[in-house]
Chemist: 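Quick one: this structure, given as structure tokens, is what I'll be asking you about.
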There are 2 protein chains.
Amino acid sequence: MSMHQLLRENIEQHVHLTEAELSGFTTLFELKNVSKKQMLLKAGEVCRFEGFVTKGMFRVYHIDKNAAEQILYFAIENWWITDIDSFTNERPSQLFIEAIEDSEVLLISKKDKEFAYANLPKIEKLFRVMTQKTHVALQRRMIDNLGKTADQRYAEFIEKYPQLFRRLSNLQIAAYLGISHEFLSKIRNKIAHKR
Amino acid sequence: MSMHQLLRENIEQHVHLTEAELSGFTTLFELKNVSKKQMLLKAGEVCRFEGFVTKGMFRVYHIDKNAAEQILYFAIENWWITDIDSFTNERPSQLFIEAIEDSEVLLISKKDKEFAYANLPKIEKLFRVMTQKTHVALQRRMIDNLGKTADQRYAEFIEKYPQLFRRLSNLQIAAYLGISHEFLSKIRNKIAHKR
DNA sequence: TGAAAAGGTTGAACAAGTTCAATAAATGAA
DNA sequence: TTCATTTATTGAACTTGTTCAACCTTTTCA
């Protein structure tokens with residue numbers, strides 16, 4: 001099985017490509033090993049890649065003026081990572097991307113992605129469709145954040161992403177939910193003792 | 001000036017099209033008048049349109065099991081409105097779209113949009129680019145919601161969207177910020193008396 | 001293997017935000 | 001113009017979530 005097999009399967013879930021298109025596109029990616037705690041992107045840098053995770057796990061987050069971290073999303077195997085804003089507009093990023101496990105990621109450069117847009121018409125559709133799906137998911141999360149308490153958001157996080165839940169520390173989950181880790185601990189205590 | 005002029009200008013801000021592409025695409029839209037308080041979409045219905053607002057203002061919102069409203073976004077002149085999830089997947093919407101002023105909107109059906117995707121290759125790019133921009137904006141809002149207090153979010157809302165602020169009631173703004181309107185009133189009082 | 005670092009829990013005091021109810025002000029429709 | 005409806009304000013009691021500090025457990029890595 002090719003190193004790019006996971007990527008090929010992921011693409012096929014979104015659009016149908018010919019074998020030529022698929023291999024033409026996937027060969028533009030390069031594998032990178034990223035060890036735990038290593039940064040793939042730091043705020044202030046321009047994001048030069050779009051990545052597809054084949055192993056491990058990343059967190060994409062922001063650090064505010066009080067040094068608090070807000071996690072925008074996690075990416076495990078089969079997920080894409082980038083700072084779209086920084087990548088597409090070549091402007092300094094506001095985000096950090098860090099490996100939280102020893103990881104492997106397939107990277108494509110802006111030049112190669114633009115080559116794909118220009119020469120492989122279906123790739124435009126691929127990214128339109130993927131961005132739409134990501135956007136719908138973020139809309140749901142936004143609505144949940146506007147209307148639900150931390151208890152509810154935590155319960156739904158566990159239910160929706162059990163595979164993330166098992167691999168994440170409570171600090172990470174708290175930063176994703178937008179609450180302090182102490183308060184998450186109290187929520188967990190309440191859940192454990194209620195029954 | 002054509003009824004579609006605003007639409008043409010909006011498209012040109014995102015991608016460059018030939019005159020043939022531009023008119024081929026814009027003629028697929030149909031003007032609809034929507035009077036204040038009229039619904040363009042109700043939860044449970046399938047969203048059959050994608051719309052471009054040429055006059056007035058809409059709110060796109062969710063109603064939770066406690067009958068509380070969360071506003072996903074507002075759309076005034078020059079903004080797009082739809083429930084992407086419902087529109088693209090033809091599944092029942094979870095959202096409401098309501099005119100909050102007497103409004104005019106240019107609508108395109110799914111069939112016509114698919115015709116455009118199939119026959120006007122640049123349209124695929126147009127919607128990829130627009131969805132990316134919308135997504136970046138929502139990511140920023142998500143980060144703000146995770147890390148900032150209601151006071152800060154309100155101040156930044158006014159600064160970022162003064163043209164919305166002037167036209168909206170505090171009830172609407174509170175539902176957008178994810179706070180009760182009473183609490184927004186207290187924030188406003190604090191701002192007014194603090195100097 | 002052992003010391004240091006990171007993660008998790010708990011309590012107390014506090015701050016942020018909600019709920020409910022009462023009242024006032026602005027808007028709209030006949 | 002008027003009456004009804006919607007919007008805005010305020011206070012009191014309450015709930016949700018934060019902060020800080022202390023302490024304990026688990027993981028890491030030299």
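Below, read A as the first sequence line, B as the second, and so on, with proteins coming before strands; counting in each chain starts at 1.
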Chemist: Once you build an axis from the first five pairs and another from the last five of the helix from dT1(C)-dA30(D) to dA30(C)-dT1(D), how far apart in angle are they, to 10 degrees?
Modeler: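 End-to-end axis angle: 60°.
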
Chemist: May I ask you to check whether Trp80(B) and Tyr73(B) place their ring centres under 6.0 Å from each other?
Modeler: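 No, ring centres 6.0 Å or more apart.
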
Chemist: Rounding to an integer number of Å, can you tell me how far Lys186(B) NZ sits from dG11(D) P?
Modeler: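 Taking atom P of dG11(D) as the reference, NZ of Lys186(B) is at 9 Å.
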
Chemist: Can you tell if the side chain of Ile173(A) reaches within under 4.5 Å of the side chain of Leu184(A), non-hydrogen atoms only?
Modeler: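 Yes. Closest side-chain heavy atoms under 4.5 Å.
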
Chemist: Restricting both atoms to N or O, compile the protein contacts to nucleotides 26-28 of chain D shorter than 3.5 Å, with distance only.
Modeler:
residue : atom : partner  : partner atom : Å
dT28(D) : OP1  : Lys36(A) : NZ           : 3.3

Chemist: For the pair made of CG in Asn189(A) and P in dA12(C), what is the distance, rounded to whole Å?
Modeler: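 Roughly 14 Å, once rounded to whole Å.
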
Chemist: Kindly say if Arg188(A) contacts the phosphate of dT9(C), meaning a side-chain N or O under 4.0 Å from OP1 or OP2.
Modeler: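 Yes, because at least one side-chain N or O of Arg188(A) sits under 4.0 Å from OP1 or OP2 of dT9(C).
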
Chemist: Could you tell me if Arg153(A) sits above the aromatic ring of Tyr176(A), with its cationic atom closer than 6.0 Å to the ring centre and no more than 45 degrees from the axis?
Modeler: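 No, Arg153(A) and Tyr176(A) do not form such a contact.
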
Chemist: Over all strands shown, is Thr149(A) touching base, sugar-phosphate only, or nothing at heavy-atom distances under 4.0 angstrom?
Modeler: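 Result for Thr149(A) = sugar-phosphate.
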
Chemist: Could you grab the distance from atom CD1 of Ile71(A) to atom CD1 of Ile100(A), nearest 0.5 Å is fine?
Modeler: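 Taking CD1 in Ile71(A) and CD1 in Ile100(A), the distance rounds to 6.5 Å.
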
Chemist: Quick one: do Lys190(B) and Lys186(B) satisfy side chain to side chain contact (heavy atoms under 4.5 Å, CB included)? Show the steps, please.
Modeler: CA-CA 6 Å; Lys190(B) 213 174 69 179; Lys186(B) 285 158 197 170; over 6 Å; no

Chemist: Please step through ring-ring contact (aromatic ring centres under 6.0 Å, His included) for the pair Phe74(A) and Phe58(A), ending with a clear verdict.
Modeler: CA-CA 6 Å; Phe74(A) 300 104; Phe58(A) 292 85; over 10 Å; no

Chemist: I'd like to know if Lys42(B) pairs up with Glu98(B) as an ion pair, taking the criterion as any Lys NZ or Arg NE/NH1/NH2 lying under 4.0 Å from an Asp or Glu carboxylate oxygen.
Modeler: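 Salt bridge between Lys42(B) and Glu98(B), a charged N being under 4.0 Å from a carboxylate O: no.
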
Chemist: Please give, in whole Å, the distance from dG17(C) P to Asn145(A) CG?
Modeler: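 The distance from CG of Asn145(A) to P of dG17(C) comes to 13 Å, rounded to the nearest Å.
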
Chemist: Within 45° of the six-membered ring axis of Phe87(A) and under 6.0 Å from that ring's centre, is NZ or CZ of Lys110(A) located there?
Modeler: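 Geometry flag: set, cation within 6.0 Å and 45°.
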
Chemist: Which heavy atom of Leu72(B) sits nearest to which heavy atom of Arg141(B), and what is that distance?
Modeler: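 For Leu72(B) versus Arg141(B), the nearest heavy atoms are O-NH1, 2.5 Å.
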
Chemist: On a heavy-atom basis, which atom in Gln94(B) and which in Ala43(B) lie closest, and how many Å separate them?
Modeler: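 What the structure gives for the nearest pair is C-CB, 3.8 Å.
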
Chemist: Whole Å only: how far is the CD1 atom of Ile191(B) from the P atom of dA8(D)?
Modeler: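 Between P of dA8(D) and CD1 of Ile191(B): 15 Å.
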
Chemist: Please work out which of the three classes, parallel, tilted or perpendicular, describes the rings of Phe157(A) and Tyr161(A), given edges at 30° and 60°.
Modeler: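 Answer is tilted, since the angle falls between 30° and 60°.
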
Chemist: At a heavy-atom distance below 4.0 Å, what parts of residues 153-182 of chain B sit against DNA chain C?
Modeler: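 The stretch gives Gly178(B), Ile179(B), Ser180(B), Glu182(B) as the residues lying under 4.0 Å from the strand, ordered by number.
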
Chemist: Using atom CD of Glu101(B) as one end and atom P of dG28(C) as the other, report the distance to the nearest whole Å.
Modeler: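 Going from CD in Glu101(B) over to P in dG28(C) covers 11 Å.
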
Chemist: Nearest-Å distance, CD1 (Ile187(A)) to C1' (dG8(C))?
Modeler: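 Those two atoms, CD1 and C1', are 14 Å apart.
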
Chemist: How many Å lie between CD1 on Ile100(B) and P on dT6(D), as a whole number?
Modeler: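 That distance rounds to 16 Å.
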
Chemist: For Phe183(B) and dC14(D), give me the distance from atom CZ to atom P, rounded to whole Å.
Modeler: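 It works out to 19 Å between those atoms.
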
